[in-house]
Amino acid sequence: MIRELCSFEGRLAGTDAERRAANRLAERLRETGRRAEVEPVYVHPQSALVHAGHCLLGFAGSLAAITVPVVGFVLVLLAATSMYLDLNYRLYLLRSLFFRRASQNVVSPGKRPTAPARLLICAHVDAARGGAVFAPRRARRFARIAQRSRLPLGPFRLLFWSLAVLVPLLGLRMAGVDSNLVSLLQLPPTLVLLVGLFALVEIDISEVVPGANDNATGVATAISLAAELEAKAPENLDVWVVLHGGGECEQEGMRRFVRSRRKRFEKPTTFVLAIESVGAGDVRFQTSAGWVVGYRMDRRLVELCEAIATADEEGEGKFHAAGYASGLGGEAAATAVAGWRSIALTCHDKDGYVANRHLATDTPDRVDGPAIERAHGFALELIRRLDADLGRKPAKP
């Protein structure tokens with residue numbers, strides 16, 4: 001399955017390769033005995049340019065504030081507001097000025113609509129662009145710093161909070177405070193925005209990577225779980241599979257899916273299990289995630305994951321699972337914003353590094369089969385425990 005998905009080369013969001021991959025995945029789901037539909041959605045594949053625009057506005061505003069503080073303050077405030085709303089799955093401002101492309105979500109509804117609860121197994125189909133910032137040495141160093149600082153750091157968090165810091169500083173300039181201290185404090189976030197601008201533009205002109213680990217492994221695991229649950233269906237869960245497009249556009253495809261079903265799916269009884277990049281390393285489950293601010297994952301799902309990890313540590317020790325707070329977004333963050341009870345599973349090494357992420361080396365031959373088996377086993381155990389838990393008591397957020 002992983003090799004087949006990677007054969008659709010250049011499956012960037014909104015491309016013909018992504019469309020053909022989605023149609024093939026729908027066929028694979030039908031082969032397992034499930035119903036599958038391909039739902040059209042629209043996404044903005046030039047996501048890196050959108051945020052480069054935010055950086056450009058912020059940088060220009062910081063420079064303009066030296067001579068015209070009001071203009072600089074307005075530009076930076078506009079950039080910070082647009083970026084915050086965009087990355088928190090709220091509203092598109094600057095992004096809405098960019099062209100859209102047709103993408104698609106592969107949706108396989110469950111067969112037990114009268115079950116007490118609904119479970120969505122999610123993974124994104126599209127692949128990402130590469131870029132110099134994803135070089136292994138840089139990415140590993142950043143992941144190590146994030147782990148040691150115990151802060152959920154992420155690249156977009158650095159950029160947004162640079163904008164956020166500039167807002168009060170430029171407010172002081174607008175109020176007539178023009179001291180050397182203000183200029184000194186204004187310099188670091190301005191340089192961060194400049195570096196971010198060039199990095200994001202370079203990403204936009206880079207080649208599309210094969211995307212074996214990120215995220216053909218997640219798609220393959222989701223389909224494998226669906227097939228196994230077909231053979232032995234949960235008693236209290238209506239199991240859906242959602243393989244969405246636009247995952248590398250800050251989960252636009254998943255966001256469209258949430259919007260189309262927000263009124264139909266009840267929040268207390270809708271569970272989401274997102275699977276991403278499980279092709280190398282040990283199992284990790286998110287306790288919180290978000291591009292700008294952290295959204296907590298569902299308390300009960302986190303408790304079940306912790307119980308599995310503890311039992312495994314005292315027993316066979318096959319999962320090596322642990323929880324972590326992510327400084328990145330994802331499907332689980334997008335659904336958690338909507339109030340659905342969400343959690344995400346991934347795999348990474350002891351430094352928190354996701355192998356070959358956004359690199360040309362992210363090919364099927366570099367995927368670690370045992371890692372996928374561990375993630376599959378952990379996810380299946382989580383689903384079984386959730387099903388048993390729902391059989392004992394009603395679902396509560």
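Every value quoted in this text rests on a predicted model; they were computed, and no experiment measured them.
Interatomic distance, NZ of Lys267 versus OG1 of Thr269, reported as 12.0 Å (0.5 Å rounding). To the nearest 0.5 Å, atom CG of residue Leu119 and atom OG1 of residue Thr270 are 10.0 Å apart.
With a 6.0 Å radius and a threshold of 12 heavy atoms from other residues, nucleotides or ligands, Phe98 has its CZ atom above the threshold. At most 12 non-hydrogen atoms from other residues, nucleotides or ligands lie less than 6.0 angstrom from CZ of Arg296. Within a 6.0 Å sphere centred on NZ of Lys350, other residues, nucleotides and ligands contribute 12 heavy atoms or fewer. By the 6.0 Å contact criterion, CG on Asp365 is enclosed, its count of non-hydrogen atoms from other residues, nucleotides or ligands being greater than 12. At most 12 heavy atoms of other shown residues, nucleotides or ligands fall within 6.0 angstrom of atom CD in Glu207. Summarising the local packing, CD of Glu313 is surrounded by 12 or fewer heavy atoms from other residues, nucleotides or ligands at distances under 6.0 Å.
Under the 4.5 Å side-chain heavy-atom criterion for Ile, Leu, Val, Met, Phe, Trp and Tyr, Leu304 and Leu229 are members of the same hydrophobic cluster. Hydrophobic clustering (ILVMFWY, side-chain heavy atoms < 4.5 Å, transitive): Phe156 and Val293 are in one cluster. Using a 4.5 Å cut-off between side-chain heavy atoms of Ile, Leu, Val, Met, Phe, Trp and Tyr, with links allowed through other members, Val367 and Ile275 fall into different hydrophobic clusters. Residues Ile372 and Leu25 are members of separate hydrophobic clusters, defined by side-chain heavy-atom contacts under 4.5 angstrom among Ile, Leu, Val, Met, Phe, Trp and Tyr.
Val278 and Asn213 make their closest contact through N-OD1, 3.4 Å (heavy atoms, listed as atom of the first residue, atom of the second, distance). Between Ala79 and His54, the shortest heavy-atom distance links the atoms CB-O, 3.6 Å. Considering every non-hydrogen atom in both Leu166 and Gly58, the closest pair reads CD1-O, 4.3 Å. For the residue pair His376 and Thr221, the shortest heavy atom distance occurs at CA-CG2, 4.1 Å. The shortest heavy-atom contact between Val50 and Leu94 is O-CD2, 3.3 Å. Ala311 and Arg385 get closest at one heavy-atom pair: CB-NH2, 4.1 Å.
Applying the salt bridge (Lys or Arg N to Asp or Glu O under 4.0 Å) definition to pairs two or more places apart or across chains, those involving residues 38-50 are Glu39-Arg261.
Under 4.0 Å is where a charged nitrogen must lie from a carboxylate oxygen, and between Asp389 and Arg392 at least one such pair does. Classification of Glu9 and Arg11 as a salt-bridged pair fails, no side-chain N sitting under 4.0 Å from a carboxylate O. Between Glu266 and Arg118 there is no salt bridge, since none of the side-chain N atoms of the basic residue sits less than 4.0 Å from a carboxylate O of the acidic one. Checked for salt-bridge contact, Arg24 and Glu4 meet the test: a charged N lies under 4.0 Å from a carboxylate O. Remark: Arg140 engages Asp349 in a salt bridge, criterion side-chain N to carboxylate O under 4.0 Å. With salt bridges taken as basic N to acidic carboxylate O contacts below 4.0 Å, one links Asp298 and Arg341. With salt bridges taken as basic N to acidic carboxylate O contacts below 4.0 Å, none links Arg30 and Glu27.
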| field | Chi angles and distances behind the side chain to side chain contact (heavy atoms under 4.5 Å, CB included) call for Arg299, Val302 | value | CA-CA 5 Å; Arg299 178 180 58 82; Val302 172; 5.8 Å; no
| Is there a side chain to side chain contact (heavy atoms under 4.5 Å, CB included) between Tyr92 and Glu252 once you walk through the steps? | CA-CA 11 Å; Tyr92 294 153; Glu252 279 197 80; 3.2 Å; yes
| Derivation of the salt bridge (charged side-chain N to carboxylate O under 4.0 Å, His left out) call for Arg34 and Glu230 | CA-CA 8 Å; Arg34 300 183 62 93; Glu230 279 290 302; 3.3 Å; yes
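Listed by chain and residue number, Val177, Leu181, Val182 satisfy the side chain to side chain contact (heavy atoms under 4.5 Å, CB included) test with Ser179 (two or more places apart in sequence, or in another chain).
Of the N and O atoms on the side chains of Gln186 and Arg173, at least one donor lies less than 3.5 Å from an acceptor on the other residue.
Using the six-membered ring where Trp is involved, Phe160 and Tyr84 have ring planes that are tilted, between 30° and 60° apart.
Cation-pi geometry between Arg284 and Tyr324 is not met at under 6.0 angstrom from the ring centre and within 45 degrees of the axis.
No donor-acceptor pair closer than 3.5 Å links the side chain of Arg100 to the backbone N or O of Val43.
Through side-chain heavy atoms spaced under 4.5 Å, either directly or across other Ile, Leu, Val, Met, Phe, Trp or Tyr residues, Phe257 is tied to Val107, Leu120, Trp240, Val242, Met254, Val258, Phe265, Val272, Trp340.
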